[in-house]
Amino acid sequence: MTPARNTAGRVAFVGSGPGDAGLLTVRAQELLAKAEVVVTDPDVPTGVLAVASADAEVRPAVGEPGDVAKDLAGEAKAGRLVLRLVGGDPLTLPAVVAEVQAVAKTSAVFEVVPGVSPGVAVPAYAGIALGGTYTEVDTRGEVDWAGLAGAKGPIVLHATSSHLAEAAGALVEHGVSASTPVAVTSNGTINTQRTFDSTLATLAQDAGELVGPLVVTIGEAAGQRSKLSWWESRALYGWKVLVPRTKEQAGEMAERLRSHGATSHEVPTISVEPPRSPAQMERSVKGLVDGRYQWIVFTSANAVRAVWEKFEEFGLDARAFSGVKIACVGESTAERVRAFGVNPELVPKSEQSSDGLLTEFPPYDDILDPVNRVLLPRADIATETLSAGLADRGWEVDDVTAYRTVRAAPPPAETREMIKTGGFDAVCFTSSSTVRNLVGIAGKPHTRTLVACIGPKTAETAVEFGLRVDVQPEKADIPHLVDALAAYAAKLRAEGALPPPRKAKRTRRS
């Protein structure tokens, strides 16, 4: 008779895939978010571990498969969801298969969540079409070289550089042409991936110094990969881009940069703090409820957050905006407003800046407008341009300090050195304050670092600080800023001013 299983806890064997956290399955993400314990291998990328709950206990797998399985089953018996996280796919790794078999002999409930296979994903990221027939082998174990040499379609080897000479020699010995194309990929599917083109004859020489796990694709498909190469040929591939924002603020920009192949490095330049006296904001929120204002104008996401925090403090919700029109300086600010279930009436269609908003902001009409007052919650260091422009249009403006911006502490010495010596390929400024504060806490970026500014005011400040502005998008928002940087890099590369985003072939050692 099968013993009754304890269903209070369970074990999930989860494959993290080849490296790119974007390749995690939906089920893997769900379990990572819920798991109380995550037992992980050293080859699981940090980007994957970042998906785990902040409350989860993360620890390495220690000991033989039986020891690991005992630990997993014990956690499940204690009523916890324990996740065994491995690189690649769980049931393709002999040691993990042994763990699963050992857990299956206990009363613990378990499940297996496959990961995307590196043997398929890495060639795809290198632009190699494997087709419907290919053979995948791990050279770190026993290999039937004669059988492999006679296999149809491409051959995909999992190896390290120490295995390359043996693999090439054995295949040639068993009849595979020495001139057969080979593609060797390291750091597959992440932004440091590099693929080197070679042949069986020169494989050990061309890739013998590579470090870490390699995926080696052998066959005619490897020689045709340049036609389908998409990952390493992106405009900003391998670039390090400095983003003067906190990680929380930089999420959208980091993802956009990643889509173009770059890695973002966040450096907080300001911290946001409440105003020294809450009285102004409290009166303003009361005025919103009492119908004192015709418009409220938001110039930043921080201003939206500051007003919303006051709403929560007073037990209010989006209904407090009833009868009040909302204007936002740009789409990113408007998105924060929409997140609270409210649609702004005005977002500039052309230039998304204070000047652009003023251009489209309606003048006060004493017949059509029942109230002549505008609430402008903003930072303590904001300029008077918008307030003065609204007054010129006949509006009474309550210019209120919603939050204070305080200069952040200097970044680590290593980051400051990279900024000053050109260690960053580009920097993306999203406001005048990010320019002022970055220069203040870390110094001016090196002249070889491309400077991208989100709008004219930010660009003007950059020039005032002696920076050369290389990129300014037509539309002042983060997606257009990053896309404009990518387009500029592609233009420079086409003109020969930049090296290609990847090496097509590794230089042979003499």
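Residue numbers count from 1 along this sequence.
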Which pairs would a plain distance check flag for residues 128-136, meaning a side-chain donor or acceptor within less than 3.5 Å of a matching protein atom at least two apart in sequence or in another chain?
residue, atom, partner, partner atom, Å
E136, OE2, H158, NE2, 2.6

OG of S162 to CG of L214: how many Å apart, nearest 0.5 Å?
9.0 Å
Any chance you could lay out the salt bridge (charged side-chain N to carboxylate O under 4.0 Å, His left out) test for K34 and E30, step after step, and finish with the verdict?
CA-CA 6 Å; K34 296 177 182 177; E30 290 174 351; 5.4 Å; no
Which heavy atom of T415 sits nearest a heavy atom of F424, and at what distance?
O-CE1, 4.1 Å
Please report the C-alpha distance between V82 and E57 in whole Å, then the side-chain angles of each, then the deciding distance to 0.1 Å, and finally whether the side chain to side chain contact (heavy atoms under 4.5 Å, CB included) criterion is met.
CA-CA 9 Å; V82 55; E57 176 189 348; over 6 Å; no
Hey, mind stepping through S179 and T199 against side chain to side chain donor-acceptor pair (under 3.5 Å) and telling me if it holds?
CA-CA 5 Å; S179 62; T199 65; over 6 Å; no
Residues D477 and H480: side-chain donor-acceptor under 3.5 angstrom
yes
Q193 and S186 side chains, donor-acceptor separation under 3.5 Å:
no
Do side-chain atoms of H174 reach the backbone of L171 as a donor and acceptor pair under 3.5 angstrom?
no
Below 4.5 Å, heavy atoms only, C-beta onward: do V14 and V86 meet side chain to side chain?
no
Is the side chain of T25 donor-acceptor paired with the backbone N or O of A28 at a distance under 3.5 Å, no angle test?
yes
So for atom CD, which belongs to Q224, do other residues, nucleotides or ligands contribute more than 12 heavy atoms lying within a distance under 6.0 Å?
yes
L31 versus V113: any side-chain heavy-atom pair under 4.5 Å?
yes
Distance alone, cut at 3.5 Å: any donor-acceptor contact between the side chains of D20 and T189?
no
Between R59 and E75, is there a salt bridge with N-O shorter than 4.0 Å?
yes
Are V39 and L72 side-chain neighbours, meaning at least one heavy-atom pair lies under 4.5 Å?
yes
At what distance, to the nearest 0.5 angstrom, does CZ of R194 lie from CG of L210?
11.5 Å
Distance-only polar pair, side chains of T405 and S433, donor-acceptor under 3.5 Å
no
Hey, does L467 have a side-chain heavy atom less than 4.5 Å from the side chain of T447?
no
Tightest non-hydrogen contact, residues V182 and L200, listed as CG2-N, 3.6 Å
Which value, rounded to the nearest 0.5 Å, describes the distance between I270 atom CD1 and T434 atom OG1?
8.0 Å
What are the two closest non-hydrogen atoms of C428 and M253, and how far apart are they?
CB-SD, 3.8 Å
Taking atom CZ of R305 and atom OG1 of T333, what is their separation to the nearest 0.5 Å?
11.0 Å
How long is the span from the OG atom in S431 to the CG atom in N437, to the nearest 0.5 Å?
8.0 Å
Least distance between heavy atoms, G238 atom then D425 atom
O-OD2, 4.3 Å
Between E331 and K475 (salt bridge meaning N to carboxylate O under 4.0 Å), is one present in this structure?
no
Do R234 side-chain atoms and R258 backbone N/O form a donor-acceptor pair below 3.5 Å?
yes
So which pairs with a foot in residues 93-107 pass salt bridge (Lys or Arg N to Asp or Glu O under 4.0 Å), sequence neighbours left out?
R84-E99
In the structure I gave you, are the side-chain heavy atoms of H265 and V241 within less than 4.5 Å of one another anywhere?
no
Does a side-chain heavy-atom distance below 4.5 Å link R407 with I441?
yes
Closest contact, heavy atoms only, V58 versus L49
CG1-CD2, 4.2 Å
Are the charged groups of R256 and E252 less than 4.0 angstrom apart, N to O?
no
Give me the ring orientation class for Y237 and W231: parallel if the planes are under 30° apart, tilted from 30 to 60°, perpendicular past 60°.
perpendicular
Validation row: V137, L148 side chains within 4.5 angstrom (heavy atoms):
yes
If you count heavy atoms of other groups shown closer than 6.0 angstrom to CD of E474, is the number above 12?
no
Do D41 and L85 come within less than 4.5 Å of each other through their side chains, counting heavy atoms only?
no
Side-chain donor-acceptor contact under 3.5 Å, R336 with N302
no
Side-chain donor-acceptor pair present, T449, H446, cut-off under 3.5 Å
no
Please step through side chain to side chain contact (heavy atoms under 4.5 Å, CB included) for the pair T263 and L257, ending with a clear verdict.
CA-CA 7 Å; T263 302; L257 285 167; over 6 Å; no
CZ of R468 to CG of L450, rounded to nearest 0.5 Å, is 6.5 Å
Derivation and outcome, side chain to side chain contact (heavy atoms under 4.5 Å, CB included), residues V112 and L91
CA-CA 8 Å; V112 178; L91 296 186; 4.0 Å; yes
Show the nearest heavy-atom pair for residues L481 and P473, with the distance to one decimal.
CA-CG, 3.8 Å
Could D197 and R225 be called an ion pair, given the rule that one side-chain N must be under 4.0 Å from one carboxylate O?
yes
Does D144 reach the main-chain N or O of G147 with its side chain, forming a donor-acceptor pair under 3.5 Å?
yes
Would S226 and S229 count as having a side-chain donor-acceptor pair, cut-off 3.5 Å?
no
Taking D206 for its side chain and L203 for its backbone only, find out whether a donor-acceptor pair lies under 3.5 Å.
no
Pair Y488, L236 - check side chain to side chain contact (heavy atoms under 4.5 Å, CB included), show working.
CA-CA 10 Å; Y488 185 71; L236 302 179; over 6 Å; no
